[in-house]
Amino acid sequence: MSVTAVESRPAGTLEPSGHQPLGARVKAFIELTKPRIIELLLMTTIPVMFLAAQGVPDLWLVVITCLGGYLSAGGANALNMYIDRDIDALMHRTERRPLVTGVVKPRECLVFGISLAVISTLMFGLLVNWLSAALSLGALLFYVVGYTLILKRRTSQNIVWGGIAGCLPVFIGWSAVKNEVSWAAVILFLVMFFWTPPHYWPLSMKVTEDYKRVGVPMLPAVAGNVVVANQIVVYSWVMVLVSLLLWPLGYVGWFYPLVAVLAGGLWLWEAHALRARARAGLKGAKLKEMRLFHWSITYVSLVFAAVAIDPFLR
């Protein structure tokens, strides 16, 4: 599928032009970083540092890693908004973003995103280690170039491979402590890799018309609900099974697999229930696709909390 050209409405049409209050400008630049998404990334980074340290890691290292991670992911998100400002103006879900409303100008957003990328990379390299710096920069570039520029408007598998960028904080957290990457980090990376599609596709099912309007081939926009739900079930089973590999390989004790089994069991219940509703032809509010989306965030919170707690119970 080729890239779809989208005619956007001019930035600033939703708000009056002219001087913006300082508070509104500061808030807008914070919004460019997508802080809600970054919360989720840090939710996977910090527990991995506890597992790598088999206890409490150096707290200064945790602070620097979180700050560097926020700046790096924030820079990637700002650059994503710069590139996607044409379609953001046409999607209801994104029509209030700072570039669309005109509170932030495109050039300001571009400079802001690049600046955060440079600062975060140097922060990781000089204050943590250069492996973490390389991984952080790699995640940023993959999200901006690999996902936003190449995959997003070309393939229905965009979120599958583009989600790799959101999995790399696991490697960053581990490497920040160990200055290397182990099989434990690889397993948790794969958990996040297989988690991303069934996490995002339910949301995409809800806003399918937005993606159809702008020609972005997100899977629910080009396939029926049954097809999407079937793939959600497959990815969900693989995710849960992979999450249990930490136990037989000796990286965790009894607590983590207990939480992983219980949380994973509830996930699979919701995934199969969504598929059953899709097969029954239910649509709109009756499909209840957002139940799995909300549970997916709870699942990550519980599983990675168990990652952090487990070393203290062994």
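Note that the structure is predicted; figures quoted are calculated from it, not measured.
- Each of K34, R97, R153 was scored for a salt bridge (charged side-chain N to carboxylate O under 4.0 Å, His left out) with D84, with one residue passing: R153.
- Salt-bridge annotation for R25 and E108: present, with a side-chain N of the basic residue lying under 4.0 Å from a carboxylate O of the acidic one.
- Looking only at side-chain heavy atoms (C-beta outward), V160 and T155 stay at 4.5 Å or farther from each other.
- In this structure, V100 and R85 have side chains that are not in contact, with every pair of non-hydrogen atoms separated by 4.5 Å or more.
- Taking both residues in full, the closest heavy atoms of A73 and I38 are given as CB-CG1, 3.8 Å, listed atom of the first, atom of the second, then distance.
- No donor-acceptor distance shorter than 3.5 angstrom exists from the side chain of T148 to the backbone of V145, with no hydrogens or angles considered.
- Rounded to the nearest 0.5 angstrom, E180 CD and L131 CG are separated by 9.0 Å.
- When all heavy atoms of V233 and A271 are compared, the pair lying nearest together is CG2-O, 3.7 Å.
- Rounded to the nearest 0.5 Å, atoms CG (L32) and CG (N77) are 9.5 Å apart.
- Minimum heavy-atom separation, P257 to V252: CD-CG2, 4.0 Å.
- Using the six-membered ring where Trp is involved, Y251 and W174 have ring planes that are perpendicular, over 60° apart on the 30 and 60° scheme.
- Using a 4.0 Å cut-off between charged nitrogen and carboxylate oxygen, D88 and R93 do not count as a salt-bridge pair.
- The CG atom of L246 lies 4.5 Å from the CG atom of L188; values are rounded to the nearest 0.5 Å.
- Aromatic rings from W161 and Y147 are positioned such that their centres are separated by 6.0 Å or more.
- A donor-acceptor pair is defined here as one N or O able to donate and one able to accept, closer than 3.5 Å; no such pair exists between the side chain of R275 and the backbone of V227.
- Within the 4.5 Å cutoff, side-chain heavy atoms of I232 are placed close to those of P202.
- Remark: side-chain polar atoms of S204 are paired, donor with acceptor, to backbone N or O of Y200 under 3.5 angstrom.
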side-chain contact (heavy atoms from CB on, under 4.5 Å) evaluation trace for L67 with M123: CA-CA 9 Å; L67 180 57; M123 179 180 294; 4.0 Å; yes
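- For the pair M43 and L40, the minimum side-chain heavy-atom distance is below 4.5 Å.
- A donor-acceptor contact closer than 3.5 angstrom links the side chains of N129 and S132.
- Between the CD atom in Q157 and the CG atom in L151 there is a gap of 10.0 Å [rounded to 0.5 Å].
- When the side chains of ILVMFWY residues are joined at heavy-atom separations under 4.5 Å, either directly or via intervening members, L41 and F142 end up in two distinct hydrophobic clusters.
- Atoms CD1 and CZ, from I309 and F304 in turn, are 13.5 Å apart once rounded to the nearest 0.5 Å.
- Looking at V191 and V170, their side chains never come closer than 4.5 Å, going by heavy atoms from C-beta outward.
- Clustering ILVMFWY residues whenever any of their side-chain heavy atoms sit less than 4.5 angstrom apart, transitively, puts I164 in the very cluster that holds W183.
- Side-chain N/O atoms of Y70 and T33 include a donor and acceptor closer than 3.5 Å.
- Side-chain contact between R314 and F255 is absent, with no heavy atoms from C-beta onward closer than 4.5 Å.
- Hydrophobic clustering keeps V226 apart from L219 (ILVMFWY residues linked when any side-chain heavy atoms are closer than 4.5 Å, directly or through intermediates).
- For W130, the CH2 atom sits in a packed shell: over 12 heavy atoms of surrounding residues, nucleotides or ligands are nearer than 6.0 Å.
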Derivation and outcome, side-chain contact (heavy atoms from CB on, under 4.5 Å), residues V128 and L61: CA-CA 7 Å; V128 181; L61 180 64; 3.9 Å; yes
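- The two residues L116 and L71 make their nearest non-hydrogen contact at CB-O, 3.4 Å.
- In this structure the side chain of P198 reaches within 4.5 angstrom of the side chain of W267, judged on heavy atoms.
- A donor-acceptor pair under 3.5 Å is formed between the side chain of T101 and the backbone N or O of P98.
- A continuous path of ILVMFWY side-chain contacts below 4.5 Å connects M239 to L266, so both sit in one hydrophobic cluster.
- Remark: W237 CH2 is loosely packed, at most 12 non-hydrogen atoms of other residues, nucleotides or ligands lying under 6.0 Å away.
- Distance alone, capped at 3.5 Å, is enough to place a donor-acceptor pair between the S243 side chain and the V240 backbone.
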Test side-chain contact (heavy atoms from CB on, under 4.5 Å) applied to T94 and M81, step by step: CA-CA 10 Å; T94 56; M81 285 197 195; over 6 Å; no
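- Ring geometry for F171 versus F189: interplanar angle under 30°, hence parallel rather than tilted (30 to 60°).
- Tracing side-chain contacts under 4.5 Å through hydrophobic residues (I, L, V, M, F, W, Y), one reaches I297 starting from V48; they form part of the same cluster.
- A distance-only check finds a donor-acceptor pair linking the side chain of D310 to the backbone of G253 [under 3.5 Å].
- The distance from the NE2 atom of H199 to the CH2 atom of W295 is 14.5 Å, given to the nearest 0.5 Å.
- The shortest heavy-atom contact between P169 and T45 is CB-OG1, 3.2 Å.
- Side-chain contact between Y82 and P106: present, with at least one pair of heavy atoms (C-beta onward) separated by less than 4.5 Å.
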Step-by-step side-chain contact (heavy atoms from CB on, under 4.5 Å) determination, K288 to L274: CA-CA 7 Å; K288 299 179 182 178; L274 175 60; over 6 Å; no
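- Closest non-hydrogen pair, I159 versus M218, comes out as CB-SD, 4.3 Å.
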